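This report concerns only the one structure given below.
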Protein chains: 2
Amino acid sequence: MEKIKVVKKQILQRKGDLHSKSYKVESGLLRSYTIDDKGKEHIFMFGPEGWIVTDYVSPNEPCELYIDAIEDSVIVPIEKTSSQDIDLKKFIKRIRVLQNRVIMLMSASAVDRYEHFISTYPNIIQRAPQHMIASYLGITPEALSTLKNQRLRSKKK
Amino acid sequence: MEKIKVVKKQILQRKGDLHSKSYKVESGLLRSYTIDDKGKEHIFMFGPEGWIVTDYVSPNEPCELYIDAIEDSVIVPIEKTSSQDIDLKKFIKRIRVLQNRVIMLMSASAVDRYEHFISTYPNIIQRAPQHMIASYLGITPEALSTLKNQRLRSKKK
DNA sequence: TTTATGCATTAATGTAGATTAAGAAATTTA
DNA sequence: TAAATTTCTTAATCTACATTAATGCATAAA
């Protein structure tokens with residue numbers, strides 16, 4: 001239950017590491033992500049204050065995801081060992097978010113996904129760099145940039 | 001704990017229905033899916049024998065997903081009411097599958113996703129119609145068809 | 001201050017997969 | 001069985017987004 005401070009860009013966990021933990025974010029912003037075989041990053045989730053960032057592997061399995069800090073942050077690492085914090089509701093919530101993300105990725109265009117992202121995580125847009133938001137949306141930074149222009153233009157009219 | 005028989009194409013649950021249940025599959029094959037605003041189906045998961053098919057909403061919320069039978073099946077509906085079958089491990093497993101699916105959708109090409117699907121669910125390929133597999137992969141049936149040819153051609157050489 | 005290094009933008013060109021359409025096979029229904 | 005319906009395939013065309021590359025702007029380092 002100790003709070004620890006981490007600085008921007010500090011890596012908390014790497015893919016393949018053992019003893020995966022959960023991280024409760026007191027302040028700041030974390031992210032979890034993978035790196036594919038072409039070396040490309042894919043952001044899995046953002047973790048602003050109040051969120052818990054976890055790689056859903058059992059504590060004795062190697063991690064699937066990298067976790068690092070986008071901003072200087074204060075976090076509380078939580079051991080996964082005991083069956084303590086089985087907050088089932090949070091699990092179900094998490095599954096639903098993923099469920100929606102899968103559906104989004106399958107059915108919605110990049111513009112729609114961006115719109116959805118804005119309305120769901122309005123404050124993260126300002127805090128995370130563009131290329132990370134692009135990565136979360138599953139598009140390139142270039143595509144995000146032009147997409148934003150199109151949006152502006154069509155709204156201005 | 002009663003087993004019930006359902007026939008091919010029988011719908012167990014519609015989006016918006018209340019009193020969502022889980023369905024343990026004794027034999028046969030179920031699927032869960034959404035229908036987007038363009039009327040297009042997106043298969044969320046296949047449930048062959050041994051699997052439990054669930055829409056992860058709390059029992060008093062309206063369903064997000066449709067669930068129906070791809071083959072004549074024998075299933076056991078499970079009430080979600082009590083906190084009985086909180087098999088946490090299954091939850092975590094489910095999240096991991098989703099986690100992988102998201103990563104797949106973001107980083108892998110249609111061919112790679114197909115390869116992955118084949119190796120993960122070899123028997124479903126033969127049992128579900130192509131257009132459903134295409135839907136699961138997030139591509140059109142036409143794209144799946146041509147993709148299969150390319151695969152064959154490159155292997156024959 | 002100057003010089004780097006990283007990040008965002010724009011534009012030209014390329015490509016995976018969507019769409020459309022038509023026909024062939026297979027399966028279901030009568 | 002034939003007729004109807006559903007499923008699968010093929011090919012032509014189209015489009016959203018990727019890739020590449022060049023340019024401007026930050027922030028950070030020297």
Side-chain angles (χ1 to χ4, degrees), chain A residues 7-11 29 31 33 35-43 68-72 103-118 124-154 156, chain B residues 7-11 29 31 33 35-43 46 68-72 104-118 124-154 156:
Chain A
V7 301
K8 192 172 165 174
K9 293 194 180 175
Q10 189 173 330
I11 296 174
L29 182 60
R31 64 166 176 161
Y33 59 103
I35 300 178
D36 68 22
D37 35 329
K38 284 158 221 138
K40 215 167 158 185
E41 282 179 16
H42 299 277
I43 295 193
D68 68 18
I70 296 176
E71 299 172 352
D72 294 353
I103 292 166
M104 271 289 174
L105 284 168
M106 287 202 298
S107 64
S109 69
V111 185
D112 292 343
R113 274 178 274 151
Y114 181 63
E115 297 287 354
H116 182 259
F117 183 76
I118 287 177
I124 291 184
I125 290 280
Q126 285 108 259
R127 292 163 67 186
Q130 302 274 16
H131 72 269
M132 287 191 189
I133 290 163
S135 165
Y136 181 93
L137 295 173
I139 56 176
T140 59
E142 292 87 350
L144 178 55
S145 183
T146 53
L147 176 162
K148 281 169 69 184
N149 281 340
Q150 286 163 19
R151 236 172 67 88
L152 273 180
R153 256 175 256 137
S154 64
K156 284 258 169 85
Chain B
V7 300
K8 193 171 166 174
K9 292 194 179 174
Q10 190 172 329
I11 296 174
L29 183 61
R31 64 166 176 162
Y33 59 103
I35 300 179
D36 68 23
D37 35 329
K38 284 158 223 141
K40 213 166 159 186
E41 283 179 14
H42 299 278
I43 294 193
F46 291 105
D68 68 18
I70 295 176
E71 299 172 352
D72 294 353
M104 270 288 174
L105 283 168
M106 288 201 298
S107 64
S109 68
V111 185
D112 292 344
R113 276 179 273 149
Y114 181 62
E115 298 286 354
H116 182 258
F117 182 77
I118 286 177
I124 290 184
I125 290 280
Q126 285 108 260
R127 292 164 65 186
Q130 303 272 17
H131 73 268
M132 290 191 187
I133 289 163
S135 165
Y136 181 93
L137 295 172
I139 58 174
T140 59
E142 294 85 351
L144 178 55
S145 183
T146 53
L147 176 161
K148 281 170 71 184
N149 281 339
Q150 285 163 21
R151 234 173 68 88
L152 272 181
R153 256 176 255 136
S154 65
K156 284 261 170 81

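Only this structure's heavy atoms are used, side chains among them; waters, hydrogens and symmetry mates stay out. What you see is a predicted model, and the numbers here were worked out from it, not measured in a lab.
For B:Phe117 against B:Ile124, the heavy-atom pair with the smallest separation is CZ-CG2, 4.0 Å. Among all heavy-atom pairs drawn from B:Met132 and B:Phe46, the shortest one is O-CZ, 3.9 Å. Nearest heavy-atom pair, B:Asp72 versus B:Lys8, reported as atom, atom and distance to 0.1 Å: OD1-N, 2.6 Å.
Of the listed nucleotides (D:dT9, C:dT28, D:dC8), D:dC8 has the atom at the smallest distance from the side chain of B:Pro129. Of the listed nucleotides (D:dT9, C:dT9, D:dC17), D:dC17 has the atom at the smallest distance from the side chain of A:Arg113. Between D:dT9, C:dG17, C:dT10, one nucleotide has an atom nearer to the side chain of A:Ser145 than all others, and that is C:dT10. The listed nucleotides are D:dT7, C:dG17, C:dT10; the one nearest the side chain of A:Asn149 is C:dT10. Each of C:dG17, D:dC17, D:dC8 was ranked by its minimum atom distance to the side chain of A:Ala110; first place goes to D:dC17. Taking the side chain of A:His131 as heavy atoms from C-beta on, and the options D:dT7, D:dC17, C:dA8, the nearest nucleotide is C:dA8.
Within the 3.5 Å criterion, the main-chain N or O of A:Ala108 finds a donor-acceptor partner in the side chain of A:Arg113. The backbone N or O of A:Leu147 lies less than 3.5 Å from no partner atom in the side chain of A:Gln150, so there is not a single donor-acceptor pair. With hydrogens and angles disregarded, a donor-acceptor distance shorter than 3.5 Å links the side chain of A:Ser107 to the backbone of A:Ile103.
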Side-chain donor-acceptor distances from residues 138-145 of chain B under 3.5 Å, at least two apart:
| from | atom 1 | to | atom 2 | distance (Å) |
| --- | --- | --- | --- | --- |
| B:Thr140 | OG1 | B:Ala143 | N | 3.2 |

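Contacts between residues 132-143 of chain A and DNA chain D, defined by a heavy-atom separation below 4.0 Å, involve A:Gly138, A:Ile139, A:Thr140, A:Glu142, A:Ala143, listed by number.
Rounded to 10 degrees, the angle between the two end axes of the helix from C:dT1-D:dA30 to C:dA30-D:dT1 is 40°, with five pairs used at each end.
Remark: C1' of D:dT6 and NZ of B:Lys8 are 10 Å apart, rounded to the nearest angstrom. What separates NZ of A:Lys9 from C1' of C:dT5 is a distance of 10 Å, to the nearest Å.
The residue B:Lys40 sits close only to the backbone: its heavy atoms come under 4.0 Å of sugar-phosphate atoms, none of a base.
In this structure, the separation between CG on A:Leu105 and NE2 on B:His42 is 11.5 Å, given to the nearest 0.5 Å. Atom-to-atom distance recorded for B:Tyr136:OH and A:Met106:CE is 8.5 Å, nearest 0.5 angstrom.
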